[in-house]
Every structure is written in structure tokens, then in C-alpha cells.
Amino acid sequence: MNDSRDLQPVPPQESRRPKRNLFAFLEGWLYLLPSIILFGVFVFYPMFRTIYLSFFLADQMGPFEFVGLENYQYILSSDSFQSSVKATILFVLYTVPAGILLALFLALLTNEKIKGIGIFRTLFSSTMGMSVAASSVIWMFMYNPSIGVFSRIAEWLGFPAIQWLQDPDYALLAVSLSTVWMNAGFAYLIILGGLQNIDTHLYENAKVAGVSYLYQLRRITLPMLSPTLFFIVTVSFINSFQTFGQIDILTKGGPVESTNVIVYSIYKDAFINNDVGSASAQAVILFFCVLLLTALQFKLGERKVHYQ
Amino acid sequence: MTHVELAGLKKSYDGKKNVIEQVDLQLQQGEFFVLVGPSGCGKSTILRMIAGLEPITDGELFVNGKRMNDAPPNKRDLSMVFQNYALYPHLNVEQNITFGLHTKKISREEQRRRCLEAAEMLGLADYLRRKPRELSGGQRQRVALARAIVTQAPLCLMDEPLSNLDAKLRTRMRSEIRQIQRKLGITMIYVTHDQTEAMTMADRMMILHEGEAMQIGKPLNIYNHPANTFVASFIGSPAMNVMEADVSPSEIGLSPHCTLPNPMKGNVKAASKNVQVGIRPEHILFSAPEQADAVVEVVNTEVLGTETLITFILDNAKDQWIARWNGQWQFSVGDRIPIRFDLDAIHLFSKDNGRILWAANDGQPNQTAREVLR
């Protein structure tokens with residue numbers, strides 16, 4: 001036996017790739033087809049249709065006159081739309097930071113191994129399982145001036161009763177408060193998941209080093225949680241811009257248009273005022289605002305995010 | 001001087017079953033002590049109890065004579081290296097190394113000086129600005145080591161620090177850790193499941209099995225005088241051959257064709273007990289046919305270059321023995337070879353509880369060269 005035979009180099013394999021290229025390309029598209037069809041029908045077609053309609057005078061039957069950018073000009077100069085923009089921005093500012101801080105606080109509280117912690121975790125995340133309609137009705141009762149719990153408390157403390165949903169100064173605040181409550185469950189669950197993903201050894205090392213809780217929160221928890229926080233901030237912003245259900249049930253955009261956020265104004269224009277062209281133009285404007293904001297977040301936020 | 005003392009340490013998670021059963025141990029200042037055992041034997045739990053990361057169920061822990069059962073980890077004056085290094089991915093190497101030093105009221109300049117010193121010692125000086133993910137496994141390991149060094153704590157706990165490294169790097173870090181420990185004179189408690197690490201690094205070691213200490217002592221003493229079959233088969237690679245045998249007052253029968261003289265003749269009571277025979281692979285020798293204790297059938301050979309591991313059977317195909325011979329031996333499966341057992345290296349264990357009954361080289365290790373040279 002000749003041992004050197006064992007040492008022969010392996011002959012290089014000839015590449016057969018080029019022949020497979022076209023087939024592989026088609027095969028790839030085939031796998032993508034189900035999601036492309038779904039996205040196409042339910043996302044891309046409505047989106048392009050909306051953009052198309054925004055250049056027309058249109059009612060619910062369809063477009064009937066091309067007007068170019070007239071819809072946009074009309075909207076941008078209308079007082080009503082400007083108040084909608086203001087309401088939307090205020091609504092977002094009221095709900096997003098408060099919601100995330102609340103969720104983060106609750107998640108930090110319940111990220112301990114204590115007996116019965118599961119009960120609290122379930123409670124805090126339970127709003128995620130409630131429909132917007134159901135929770136809106138509950139809040140409507142709570143805000144009710146004669147039978148609502150808020151008025152009772154105010155009365156008990158000796159304050160004047162506030163017409164929460166009827167007073168233009170308070171309506172947006174009231175809707176925001178209920179929105180924070182409704183969104184807290186989801187944000188809480190995501191943040192809790194993020195917290196539990198942090199390697200416990202990092203904390204054990206901090207324990208051995210003997211750093212304080214706040215230092216640990218600032219130097220370990222928040223940086224390690226940054227991808228989760230970034231995700232939840234982005235999603236919350238988008239969510240908040242698109243809020244509709246609770247406004248429809250609690251205030252219907254009123255009083256005095258104080259809660260008439262852009263999405264609700266779109267709805268009113270399209271289905272009540274029968275002005276689909278204007279509604280489409282508003283939808284397009286909202287879309288680009290959200291897109292711009294999200295892009296900005298990625299640009300600015302990513303630098304502060306530490307992926308493992 | 002005694003540095004760390006465990007007195008009757010116990011741990012139970014559910015209040016009924018003890019996962020750690022009565023561990024007593026005294027560590028001297030500057031000692032390198034290894035806790036070794038298979039996974040799940042409780043070695044990490046002991047380490048975490050010493051560190052204060054796990055409450056002690058029963059028994060007492062003393063550090064420098066002071067009872068430390070309830071002290072928080074940072075009051076125990078120790079540093080710890082974790083298996084996965086526990087580096088902070090968002091901090092650079094320098095920030096990782098100096099993490100937490102501010103709590104010890106150490107000035108910024110002093111922190112920086114210590115960090116540079118440790119980095120220099122471990123060859124990390126060029127990487128201080130890098131993030132952990134930009135480092136190789138070995139470098140990350142060194143950062144974790146550096147972090148333990150800069151605290152200048154007199155006691156360092158290590159929890160399987162090398163198990164995430166490849167074999168070559170592991171060998172190198174083994175000797176590096178040992179050298180640093182000697183240089184700094186710190187007491188080290190080192191947890192591993194790898195008996196080679198334990199053998200090569202330890203001043204003394206403790207073998208754990210299911211929460212119970214099996215044996216405590218110097219590595220060579222344990223290797224030469226295992227207290228029971230568990231230690232015998234756990235320490236040493238390949239493991240000691242431990243086989244059942246038929247024993248009569250004058251003979252030990254390994255198989256119908258292979259009997260050895262019973263070395264316990266003097267002790268009739270022990271001699272008649274049920275025994276297991278233990279012999280290390282290096283004590284099964286190639287023999288001239290006329291002096292052979294048995295002619296055995298080769299089942300497998302592993303040629304490692306400097307030595308050859310030969311797996312063989314006597315008569316019972318289920319009992320596979322391993323012999324380790326120097327040099328390169330090329331047998332084919334089925335070859336029949338004559339072998340001899342080194343009777344001076346035979347261990348006899350009780351079959352009932354696995355305890356050692358008799359060992360040929362009692363009190364006299366074969367290799368005394370080390371002692372002679374001293």
C-alpha cells in the first residue's frame with residue numbers, strides 16, 4: 001500500500017451555479033408569492049389607489065375629475081386641517097412618552113423573581129387582550145359626569161366636577177389617558193420580554209462589583225434594553241398617529257374639533273362628507289409624515305442602540 | 001493562614017432535598033483550589049454561595065475568620081469571572097475592565113493605571129477602545145480576567161472560565177491563569193468539569209458528585225489514590241478500567257482465562273467481599289507471550305502520535321478495557337495480543353458502595369522523581 005495516495009489533494013469541484021440561476025430566481029419568487037399577493041391586495045393596492053385618488057375630486061363611487069394638487073392646496077390652507085395636525089401632535093406627545101415610561105416602570109417592577117409575580121404580569125399586560133371598543137366603553141362610563149368614578153373622586157375631594165369628554169380643554173387629555181392605559185399592556189409585555197432577555201450574569205457581575213441600583217439601571221439595563229425600547233418607541237409613534245377607535249367612541253372628534261386627529265378627519269371626510277379626494281390627500285400627507293419621522297428615528301436613534 | 005472556610009455548607013432549593021450535602025473545606029491564602037465534577041454536581045452552586053449570589057441554606061462560610069453568610073457580594077472582597085465572561089457589549093474594553101471600580105472609592109487616575117497594568121499583563125493594551133464583539137473569544141476571556149485583576153481582591157472565583165474556548169487556546173489560558181494567580185498571590189477557587197484542567201491547575205482539588213464531596217486532596221494523590229470508583233473513573237483520561245471480578249482468597253478472576261493473584265491475601269475479611277478491580281490504562285502492558293496474563297482481542301485502536309489507545313475485550317464483549325501504550329501501535333480489529341497487568345498498580349473497590357478496599361501502591365506513588373528533585 002502506498003501511503004502517499006492518502007495525501008492527494010481534493011480535486012476542485014466544478015461550479016454548476018450559472019445553469020441554476022434562472023430557476024433559483026423563479027423559485028425564490030414562488031416562495032414569496034403568498035406574501036406578495038397578500039401585501040399587494042391589502043397594502044400596496046390601497047396605498048397606490050389612495051395616492052391616485054388624492055389627485056382627483058372623488059366620492060365613494062370613484063374619481064370624477066382630475067384636479068392635480070388642488071386637494072393638497074385646499075387641505076394645507078384649511079383651518080380645520082391645521083387644528084387636526086395640532087391635535088394629532090399633542091395626542092402623540094401625550095400618549096407615547098407617558099405610555100412607554102409607564103410600561104417601563106411596570107416592567108422593571110415585575111422583572112423580579114417573587115412569588116405571585118405572574119399575577120401582576122398578567123394584570124399589567126391584560127389591556128393588550130381587550131378590544132379598543134370594549135375598553136373605550138369602560139372609560140366612557142368612568143368619564144361620565146354623573147355616574148363616572150372620576151367625578152365621584154373629584155366630588156369626594158371637593159373639586160368641581162369636570163366634563164371630561166365635553167370640555168374642549170380636557171377632551172384630548174381624557175382620550176390620551178385612556179389610550180395610555182390601552183397601549184400600556186403591549187408596551188409592557190415587549191419591554192418585560194426585553195428585560196428578561198438581558199443576561200443575568202451582567203447583573204451578577206454588577207452585584208459583585210457593588211454598584212448602586214440607579215447606576216445599574218443607567219449603565220446596564222437601559223443600554224441593554226435599547227433595541228427593545230427603540231422598537232417600542234417606533235411602533236408606539238406609528239400606533240399613536242393612527243389612533244381611531246377610542247376617538248370614534250369617546251368623542252367623535254369633538255368637542256369643537258379638539259380631538260379631531262388626522263385619522264379621524266380622514267374618516268369624516270371620506271365617509272361622512274363624502275369627499276374621498278380630500279381624505280386621500282390627508283392620508284398621503286399623514287403617510288409621509290410618519291415615514292419621515294420613522295426615518296428620522298432610525299437615523300438618530302440607531303446610534304444609541306446597542307445590539308448584542 | 002486560612003483564607004476561606006466552609007463549615008457544613010448545605011444548599012436546598014425546595015427545603016426538602018439538599019443539592020449540596022455538607023461541604024467542609026479550608027482554603028489557605030494563595031491557594032489554587034479547583035472544584036471539579038460532572039455537570040449538575042453542584043460545583044457552581046458552591047461557588048455562587050461563596051460569592052453571595054446564592055443564599056446559603058445551612059452551614060457557615062468564613063472569610064478571613066469572619067462569618068460571611070449574610071454579607072452582600074461586594075462586602076466579601078472577592079472578584080468573579082463568569083463562564084460567558086459577562087462583558088457589557090455596549091462598553092469598550094477599558095470601561096468593561098474598570099466597571100464598578102468607582103464604588104471602591106478609587107480615583108480616575110488610579111483606575112486608569114490599574115486598567116493599563118492589567119491590560120499590559122494580558123496583552124490587551126492595543127484593544128482598550130474596542131467593543132467586546134470586536135474581540136476574539138480568547139481576548140474576551142482576557143478582558144474578564146483583567147476585570148477580576150483590577151479589583152485587587154484577594155479572592156478570585158472562576159466559574160468554568162475556559163469552557164467557551166477552543167482546545168488549543170484553553171491549554172494556553174490554563175497556564176496563563178495559573179501564572180497570574182501565582183504572581184499576584186491571590187486565592188483562587190476555580191470551577192470546572194474538565195478533569196484535565198483540574199489536574200493541571202490545582203494545588204488542591206475537590207471532586208464533587210451529586211452534591212457530595214467525593215475526595216479532597218492534591219491532584220496527584222487523588223490520581224494515585226482514588227477514594228472510590230467515581231473518582232477513579234472521573235479523574236484520568238482515558239478513565240481507569242473498573243471491572244467486576246470474581247474473588248477468592250487467593251485469586252481475582254477477571255475472566256475464565258485470566259486470573260490474577262489476590263493481593264489482599266493477608267486480609268481475609270476484605271478479600272472475600274464483592275470487589276471491582278480498577279487499573280489505569282497505562283498499567284496494562286504489552287507482554288511477551290510466555291509472561292502474559294491474558295491474550296486479548298483488539299476492538300479498536302486510536303493512534304495519537306506519541307501514544308496509542310487500545311480498546312480490547314477479555315472474554316465478555318460488554319466489558320471493554322482500554323490500554324495506553326507509548327508509541328504508535330497499529331493493530332487491526334480482531335488481532336489477538338498478549339498483555340500483562342501491572343500488579344503494583346491495581347486498585348480493588350467494594351462492589352457495594354464503590355469505596356476503595358485495597359491499593360497496591362498504598363502510600364508510595366510510582367513517580368517520586370518530583371520529591372527526589374526537591
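All chains are named by letter (A, B, ...) in the order of the sequence lines, taking the proteins before the strands, and each is independently numbered beginning at 1.
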Chain B: which of A:Thr200, A:Asn205, A:Val208, A:Val211 shares the most heavy-atom pairs with it under 4.5 Å? A:Asn205
Heavy-atom cut-off 4.5 Å, strictly under: side chain, backbone, both or neither for B:Arg147 against chain A? side chain
Per-residue tally against chain A (heavy atom, under 4.5 Å) across B:Gly52, B:Pro72, B:Pro73 peaks at B:Pro73
Please state whether the side chain, the backbone, both or neither of B:Phe82 comes within less than 4.5 Å of a heavy atom of chain A. side chain
Under 4.5 Å from a heavy atom of chain A, the part of B:Leu78 involved: both
Taking atom NZ as the centre, does A:Lys86 end up with more than 12 heavy-atom neighbours from other residues, nucleotides or ligands that are less than 6.0 angstrom away? no
Name the region of B:Gln95, side chain, backbone, both or neither, that has any atom closer than 4.5 Å to a heavy atom of chain A. side chain
Counting only heavy atoms from other residues, nucleotides and ligands, does the tally under 6.0 Å from CG of A:Leu26 exceed 12? yes
Is it the side chain or the backbone of B:Lys75 that comes within 4.5 Å of chain A heavy atoms, both, or neither? neither
Using the rule given for ring pair (Phe, Tyr, Trp, His ring centres under 6.0 Å), can you reason through B:Tyr85 versus A:His201, listing the C-alpha separation, both sets of side-chain angles and the distance that settles it, and then say yes or no? CA-CA 8 Å; B:Tyr85 319 141; A:His201 287 115; over 10 Å; no
Closest-packed option against chain A by number of heavy-atom pairs under 4.5 Å, given B:Lys131, B:Arg48, B:Arg76, B:His102: B:His102
What is the distance from atom CZ of A:Phe231 to atom OG of A:Ser236, rounded to the nearest 0.5 Å? 8.5 Å
Does a donor on one side chain sit under 3.5 Å from an acceptor on the other, for A:Ser240 and A:Tyr94? no
Is the positively charged end of B:Lys11 above the ring of B:Tyr13, judged by distance under 6.0 angstrom from the centroid and angle within 45° of the axis? yes
